[in-house]
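Data block below; observations after.
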Protein chains: 2
Amino acid sequence: MENVKVLIVDDEPNIRDLLSTSLRFAGFSVHAVGNGADAVNAAEKGAPDIILLDVMLPDMNGFSVTKKLRSMGINAPVLFLTARDETADKVTGLTVGGDDYMTKPFSLDEIVARINAILRRTKQVETEESVLEVGEIKINQDAHEVFANGQSVDLSPTEYKLLRFLISNPNRVLTKAQILDHVWEYDFNGEMGIVESYVSYLRKKLDPITSEPLIQTKRGVGYMYKSTKSTN
Amino acid sequence: MENVKVLIVDDEPNIRDLLSTSLRFAGFSVHAVGNGADAVNAAEKGAPDIILLDVMLPDMNGFSVTKKLRSMGINAPVLFLTARDETADKVTGLTVGGDDYMTKPFSLDEIVARINAILRRTKQVETEESVLEVGEIKINQDAHEVFANGQSVDLSPTEYKLLRFLISNPNRVLTKAQILDHVWEYDFNGEMGIVESYVSYLRKKLDPITSEPLIQTKRGVGYMYKSTKSTN
DNA sequence: GTGATTCCTGAGAGCTGGCTGAAAGCCACC
DNA sequence: GGTGGCTTTCAGCCAGCTCTCAGGAATCAC
């Protein structure tokens with residue numbers, strides 16, 4: 001997954017920054033603009049591999065932008081960003097041809113997962129496998145299925161996202177703030193205690209199955225998923 | 001089904017885009033034009049395996065285009081696209097040879113199925129089987145027949161399309177938006193609740209026959225057809 | 001040992017997403 | 001023009017999920 005170019009199109013500067021830093025850190029090559037006209041220009045020059053496109057833009061909406069892009073022969077898949085209340089009646093046609101959409105607010109980990117899923121599907125770029133396997137945990141991202149020691153485990157959506165984030169960063173301490181920032185939606189304003197709760201839920205479901213506790217507590221710092229064999 | 005060339009002829013740019021992206025993603029090699037004259041040129045140079053032809057074009061109608069094509073020795077089968085209000089007798093007679101027609105608005109899944117059916121019939125290109133069999137479900141696409149555990153099941157058109165879409169993507173979570181975009185007509189602007197309804201209908205018909213529930217709900221994500229033996 | 005800090009976890013309130021039965025509208029076919 | 005089946009909407013219900021809180025356990029500093 002080397003040098004994947006992402007074009008971000010959103011008029012809110014904070015969202016743009018949030019996505020830029022986050023995706024850059026995830027290893028993507030990022031370019032961000034704030035309106036449709038700039039998006040068309042940037043896509044023409046930059047030849048992005050994927051486009052993150054806010055549906056509501058000041059000058060033109062996301063559909064006009066994609067139409068313009070397609071007519072110019074730019075066929076990079078699009079991940080639409082839409083506010084939650086404008087989803088239902090406007091979804092038609094959004095998930096066609098490798099495209100997808102996400103509702104705001106989203107979580108950063110989720111958006112990286114979706115980008116990888118799209119790249120995987122469109123096969124324009126060789127990317128990581130849909131199956132994440134580290135130590136005794138195996139996650140099939142297509143099926144949203146989790147196995148511990150070969151045995152299927154039922155997880156709630158948040159439990160699933162948390163576990164995926166943990167095993168994506170094995171043998172590395174993650175602070176509760178980091179976990180909150182990546183797993184929960186960016187406008188979540190609750191306490192970090194919720195991370196403790198969910199770690200507890202995960203342990204309760206996973207530890208009876210695995211040979212040893214998988215999530216270690218680093219007191220005063222955070223949590224770490226320990227894996228002897230680093231299948232990276 | 002490698003490298004099947006499809007020529008799309010429609011004057012509405014959004015339909016053209018919708019079909020292009022969708023068919024390209026379905027694995028076809030796509031070329032799209034907006035009028036009859038361009039269609040003739042493109043067919044001459046591109047040697048398409050199948051032509052999607054809107055009956056109402058700005059310069060000439062579908063009859064003239066096909067007549068022209070046939071006179072030039074281009075015998076690729078044609079799938080006509082016609083508006084619903086255009087009467088049936090205008091259409092009958094169009095479907096000579098391996099040709100076929102569809103009324104707008106259509107669903108994207110349906111058009112792929114029809115294209116495959118035509119290619120299968122004309123045998124110009126080796127394509128996928130007409131019988132889809134995954135797990136306990138068997139669908140004969142030519143006869144529109146469905147068997148669960150060897151037993152025949154009566155399904156309504158929409159139920160059939162939904163089931164076909166589900167088992168075409170086994171062991172993979174499909175969101176309600178994806179299902180809506182593929183199974184329902186592209187101008188459907190209702191709510192996603194209808195997907196829930198139809199999943200419910202399918203389950204009511206299938207679950208009593210099969211040994212275990214076939215359609216799994218992934219809360220907060222979508223639905224998945226589970227098949228132990230991945231006949232892929 | 002004692003107190004302070006951090007973490008764990010059970011209980012519970014409230015919410016959300018999904019399921020389903022009922023009914024209205026539509027259409028095709030007698 | 002009536003009838004039956006199909007599609008679509010809607011509302012009520014329920015299960016499961018999210019999040020908070022508080023008491024107690026574990027760990028650390030001294």
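Just so we're clear, the structure is a prediction, and the values are computed from it rather than from any experiment. Order of the sequence lines fixes the chain letters, A, B, ..., with proteins taken first and strands second; residue numbering starts at 1 for each chain.
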(message) Rounded at 0.5 Å granularity, tell me how far CZ in A:Arg172 sits from CG in A:Leu166.
(response) 11.5 Å

Give the table of side-chain donor-acceptor pairs shorter than 3.5 Å for residues 155-162 of chain A, with sequence neighbours excluded, one pair per line with atom names and distance.
{"unit_1": "A:Ser156", "atom_1": "OG", "unit_2": "A:Glu159", "atom_2": "N", "d": "3.3"}
{"unit_1": "A:Glu159", "atom_1": "OE1", "unit_2": "A:Ser156", "atom_2": "N", "d": "2.8"}
{"unit_1": "A:Glu159", "atom_1": "OE1", "unit_2": "A:Lys205", "atom_2": "NZ", "d": "2.8"}

(message) So if I take residues 206-213 of chain B and measure heavy-atom distances to DNA chain D, which residues fall below 4.0 Å?
(response) none

(message) Please confirm whether the shortest side-chain N or O distance from B:Ser156 to OP1 or OP2 of D:dG5 is below 4.0 Å.
(response) no

(request) Indicate yes or no: at least one non-hydrogen side-chain atom of B:Phe165 is less than 4.5 angstrom from one of B:Leu108. (result) no

(request) Assess whether salt bridge (charged side-chain N to carboxylate O under 4.0 Å, His left out) is satisfied between B:Glu110 and B:Arg164, documenting all intermediate values. (result) CA-CA 10 Å; B:Glu110 188 62 21; B:Arg164 186 181 52 192; 2.8 Å; yes

Could you give the side-chain donor-acceptor pairs of residues 145-154 of chain A under 3.5 Å, partners two or more places apart or in another chain?
{"unit_1": "A:Glu145", "atom_1": "OE2", "unit_2": "B:Lys226", "atom_2": "NZ", "d": "3.3"}
{"unit_1": "A:Asn149", "atom_1": "ND2", "unit_2": "A:Glu136", "atom_2": "OE1", "d": "2.8"}
{"unit_1": "A:Asn149", "atom_1": "ND2", "unit_2": "A:Ile209", "atom_2": "O", "d": "3.4"}

(request) Report yes if the side chains of B:Leu52 and B:Ile111 come closer than 4.5 Å at any heavy-atom pair, otherwise no. (result) yes

Check nucleotides 27-30 of chain D against the protein and report each pair of N or O atoms closer than 3.5 Å, with its distance, or say if there are none.
{"unit_1": "D:dT27", "atom_1": "O2", "unit_2": "A:Arg219", "atom_2": "NH2", "d": "3.2"}

(message) Output the rounded distance in Å from CD1 (B:Ile179) to C1' (C:dG18).
(response) 13 Å

(request) Round to a whole Å and report the spacing from CG of A:Leu155 to P of D:dC17. (result) 9 Å

(request) For B:Asn116 and B:Leu119, indicate whether the former's side chain and the latter's backbone hold a donor-acceptor pair under 3.5 Å. (result) no

(request) Mind calculating the distance between CD1 (B:Ile194) and C1' (C:dG18) to the nearest angstrom? (result) 16 Å

(request) Hey, could you give me the CD1/CG distance between B:Ile15 and B:Asp54, rounded to the nearest 0.5 Å? (result) 8.5 Å

(message) Nearest whole Å is fine: how far is D:dA22 P from A:Glu191 CD?
(response) 12 Å

(message) Between the opening five pairs and the closing five pairs of the helix from C:dG1-D:dC30 to C:dC30-D:dG1, how far apart are the helix axes, to 10°?
(response) 30°

(message) Distance check needed: D:dT20 C1' versus A:Met192 CE, whole Å only.
(response) 16 Å

(message) A quick test of your reading: do over 12 heavy atoms of other residues, nucleotides or ligands sit less than 6.0 Å from CZ of A:Phe188?
(response) yes

(request) For A:Glu191, look at atom CD and say whether over 12 heavy atoms of other residues, nucleotides or ligands are found less than 6.0 Å away. (result) no

(message) Using whole Å, what does the distance between atom P of nucleotide D:dC17 and atom CG of A:Leu202 come to?
(response) 12 Å

(request) Sugar-phosphate means primed atoms, P, OP1 and OP2; the rest is base. With that split, encode nucleotides 19-30 of chain C 5' to 3' as B, S or - using protein heavy atoms under 4.0 Å. (result) BBSB--------

(message) Check this one for me: any side-chain N or O of B:Lys176 less than 4.0 Å away from OP1 or OP2 of C:dG18?
(response) yes

(message) Using 0.5 Å steps for rounding, measure from the CG atom of A:Leu174 to the OH atom of A:Tyr223.
(response) 11.5 Å

(message) Just the rounded figure in Å: distance from C1' of D:dT8 to CG of B:Asp187.
(response) 14 Å

(request) Kindly indicate whether the side chain of A:Asp99, heavy atoms from C-beta on, has any atom under 4.5 Å from the side chain of A:Tyr101. (result) no

(request) Answer with base, sugar-phosphate or nothing: what part of the nucleic acid does B:Glu159 contact at a heavy-atom distance below 4.0 Å? (result) nothing

(message) Is there a side-chain contact between A:Trp184 and the phosphate of D:dT18, meaning an N or O under 4.0 Å from OP1 or OP2?
(response) no

(request) Send over the distance from A:Tyr160 OH to D:dC17 P, rounded to a whole Å. (result) 15 Å

(message) What's the separation between atom OG in A:Ser130 and atom CD1 in A:Ile139, rounded to the nearest 0.5 Å?
(response) 10.5 Å

(request) Look at the rings of A:Trp184 and A:Tyr198 and say which category their plane angle falls in: under 30° parallel, 30 to 60° tilted, over 60° perpendicular. (result) perpendicular

